[in-house]
Amino acid sequence: MSSLLRLATAGSVDDGKSTLVGRLLYDTKSVLADQLDAVTRASVDKGLSTPDLSLLVDGLRSEREQGITIDVAYRYFATPKRSFVLADTPGHVQYTRNTVTGASTAQLAVLLVDARKGVIEQTRRHAAVLALLGVPQLVLAVNKIDLVGYDEATFTVIAEEFARHAESLGYARGSVLAIPVSALVGDNVAEKSARTPWYTGPTLLEHLEDVPVAPDPHDTPFRFPVQYVIRPRTPEYPDYRGYAGQIAAGTVRPGDEVVVLPHGLRSRVERIDTADGPLAEAGAGTSVTLLLADDLDIARGELIATASNPPRVTDEITGTLCWLSTKALRPGARLLVKHGTRTVQALAAELHARFDEQTLSSVDGPESLELNDIGRVTLQLAEEIGVDDYGDIPRTGAFLVIDPKDGDTLAAGLVGERFS
């Protein structure tokens, strides 16, 4: 079992995400005494008789005053079984783009619904985004179960409706678990609740501790975007030429045969340098400097990959875009595509389809993509790049679309067929 779980929360406004995250931090004793004291005082000032645990995570003053969360906040906590990195994402529909950010590296997502409201439009939208991003495990936290009198029938209706929706998005029944919880009073968050004797499954924390997750991408083919070329040209290192960056996927060892893309130059790894000395092996997520056996002309933005299983080289990307800007995308738009450490000019060649996350259908040939739309698009690139399908290697299958005029991020992109 992995010792680290990366998870994200999602849900609609006022479903209680911040309170749930605060409850997890509180129940796992991940809150400092002075933090809890400050929250207790603030809660008393608001006229509350118990601490408002949402204040543990809603750090911005404006958020506290409005009672909402508007940005992705990363929280860290641990139990004796596992460590956790949690991305707490906002609920407003206009901040769906933040959900994309928070869920992009998640191995599991906790999707909240209010037991009084059930599955609503934003629930279905978030589930669709999570499916498109390939988040493998879902938990449906039916929150505020205390406000419906701990009614089993209410919970069952919501759980079955969501299960059908998740299946239509491609999730198997076994990868989705529904749990009745009350974040406010702690029912089934860290401890079993006597008020839901009809629920026999695990608490939320028990599930997070025990759920099997896919390992980090060490077993995938080696991918290394070059971030910086190191040429000291000093008397001590007159001929040193190293390629610095972070390994995006796979594992590398001295002697491995590699190819440099997009040009196709071949060599082998001679040494793996770090600030702490050379390594005999380095895996995904490790920042290293690679020295190659041959003196090649390699620049920032090029991709060093295993020669036996390289990515495909192309000047055209067809993939899914999660459009994040108020500026609409139309065919013919001039864009920048940032892939790894490389940025190239691009043109929106064709808008194939727009995904309707409510009806789970595709609208062919849309005239544009608007804020929060999800669509399948072909981009024509001014230069070739080496890419993988997002489903195979997320780090080299993901890209950003940038406005060349002001540098704003317009979309998050996923290479390959995510919907049809």
(Q) Can you tell me how the ring of Trp198 sits relative to the ring of Phe155, calling it parallel under 30°, perpendicular over 60° and tilted otherwise? (A) tilted
Taking distance alone, no hydrogens or angles, what donor-acceptor pairs closer than 3.5 Å link side-chain atoms of residues 332-339 to residues at least two apart or in another chain?
unit_1: Lys338; atom_1: NZ; unit_2: Gly340; atom_2: O; d: 2.7
unit_1: His339; atom_1: NE2; unit_2: Thr396; atom_2: O; d: 2.9

Q | Partner of Ser182 by side chain to side chain donor-acceptor pair (under 3.5 Å), out of Thr19, Thr196, Asn143, Asp146 | A |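 With Ser182 as partner, Thr19, Thr196, Asn143, Asp146 yield a single side chain to side chain donor-acceptor pair (under 3.5 Å), made by Asp146.
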Q | Donor-acceptor pair between Thr318 and Thr378 side chains, under 3.5 angstrom | A | yes
Is there side-chain contact between [X] and [Y], with at least one heavy-atom pair below 4.5 Å?
{"X": "Ser267", "Y": "Val260", "answer": "no"}
{"X": "Thr320", "Y": "Tyr390", "answer": "no"}
{"X": "Phe224", "Y": "Val252", "answer": "no"}
{"X": "Phe399", "Y": "Leu379", "answer": "yes"}

Q: With Pro278 as reference, evaluate Asp273, Thr289, Ile272 under the side-chain contact (heavy atoms from CB on, under 4.5 Å) test and give the passing residue.
A: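 Exactly one candidate clears the test, Asp273.
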Q. In a check of salt bridge (charged side-chain N to carboxylate O under 4.0 Å, His left out) between Arg342 and each of Glu383, Glu302, Glu384, which one passes?
A. Glu383
Spatial distance of atom [atom1] ([X]) from atom [atom2] ([Y]) [nearest 0.5 Å]:
{"X": "Leu205", "Y": "Lys81", "atom1": "CG", "atom2": "NZ", "answer": "9.0 Å"}
{"X": "Phe162", "Y": "Arg124", "atom1": "CZ", "atom2": "CZ", "answer": "10.5 Å"}
{"X": "Leu140", "Y": "Leu112", "atom1": "CG", "atom2": "CG", "answer": "8.0 Å"}
{"X": "Lys117", "Y": "Thr123", "atom1": "NZ", "atom2": "OG1", "answer": "9.5 Å"}
{"X": "Leu324", "Y": "Leu410", "atom1": "CG", "atom2": "CG", "answer": "8.0 Å"}

Q | Heavy-atom neighbours of Glu281 CD exceed 12 at 6.0 Å | A | yes
Q. For Glu370, does the CD atom have more than 12 heavy-atom neighbours from other residues, nucleotides or ligands under 6.0 Å away?
A. yes
State whether [X] and [Y] are salt-bridged, where the test is any N-O pair (Lys NZ or Arg NE/NH1/NH2 against Asp/Glu carboxylate O) under 4.0 Å.
{"X": "Asp389", "Y": "Arg312", "value": "yes"}
{"X": "Lys327", "Y": "Asp403", "value": "yes"}
{"X": "Arg82", "Y": "Glu209", "value": "no"}

Q.
Evaluate Asp187 against Lys144 for salt bridge (charged side-chain N to carboxylate O under 4.0 Å, His left out), listing each step before the verdict.
A. CA-CA 9 Å; Asp187 292 299; Lys144 305 186 182 182; over 6 Å; no
**Q.** Asp388 and Arg395: CA distance, side-chain angles, deciding distance, salt bridge (charged side-chain N to carboxylate O under 4.0 Å, His left out) verdict
**A.** CA-CA 9 Å; Asp388 296 284; Arg395 283 285 300 276; over 6 Å; no
Q: Begin with the C-alpha distance, continue with both residues' side-chain angles, and end with the deciding distance and a verdict on side chain to side chain contact (heavy atoms under 4.5 Å, CB included) for Leu20 and Leu204.
A: CA-CA 10 Å; Leu20 181 66; Leu204 175 59; 3.9 Å; yes
(Q) Go through it in stages, so that I can follow the logic: the residues are Val21 and Leu86, the test is side chain to side chain contact (heavy atoms under 4.5 Å, CB included), and I'd like the CA-CA distance, side-chain angles, deciding distance and then a yes or no. (A) CA-CA 8 Å; Val21 175; Leu86 185 149; 3.8 Å; yes
